Amino acid sequence: MLDLCAGHGIGPEIRMIDIADINDAFDRIKNNDVRFRHVIDMASLKAERQASGPDRIYLEAPARGDVVNRKPA
């Protein structure tokens, strides 16, 4: 199937969304109201982070192989 798509220039239909629109996109997915793949514009994530102010807490993503949600021994 992948060879057929590549040979005929067939690719997925995508819709670029801002991070602020993620809840709407998720609701549309739950309601089977999409015909394309949602792709988050990562530049909007950076802009959202800069605009949110110093009182918002951000947690860094764990590195690959890090154990998360584990109680200390």
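Values below: all heavy atoms of this structure, side chains included; hydrogens, waters and symmetry mates excluded. Note that the numbering runs from 1 along the sequence shown for the chain. Quantities reported herein were computed from a predicted structural model and do not represent experimental measurements.
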Point to revise | Hydrophobic cluster partners of Met1 (side-chain heavy atoms under 4.5 Å) | key: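 Cluster partners of Met1: Leu4.
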Show every donor-acceptor pair shorter than 3.5 Å between a side-chain atom in residues 16-29 and any protein atom, with sequence neighbours excluded, or say none if there are none.
unit_1 : atom_1 : unit_2 : atom_2 : d
Arg28  : NE     : Asp33  : O      : 3.4
Arg28  : NE     : Asp33  : OD2    : 3.3
Arg28  : NH2    : Asp33  : O      : 2.9

Review point. Which value, rounded to the nearest 0.5 Å, describes the distance between Arg15 atom CZ and Arg37 atom CZ?
Key: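 Arg15 CZ to Arg37 CZ: 15.5 Å, rounded to 0.5 Å.
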Check your understanding: Excluding sequence neighbours, so at least two apart, what forms side-chain contact (heavy atoms from CB on, under 4.5 Å) with Ile10?
Key ->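 Applying side-chain contact (heavy atoms from CB on, under 4.5 Å) to Ile10 gives Cys5, His8.
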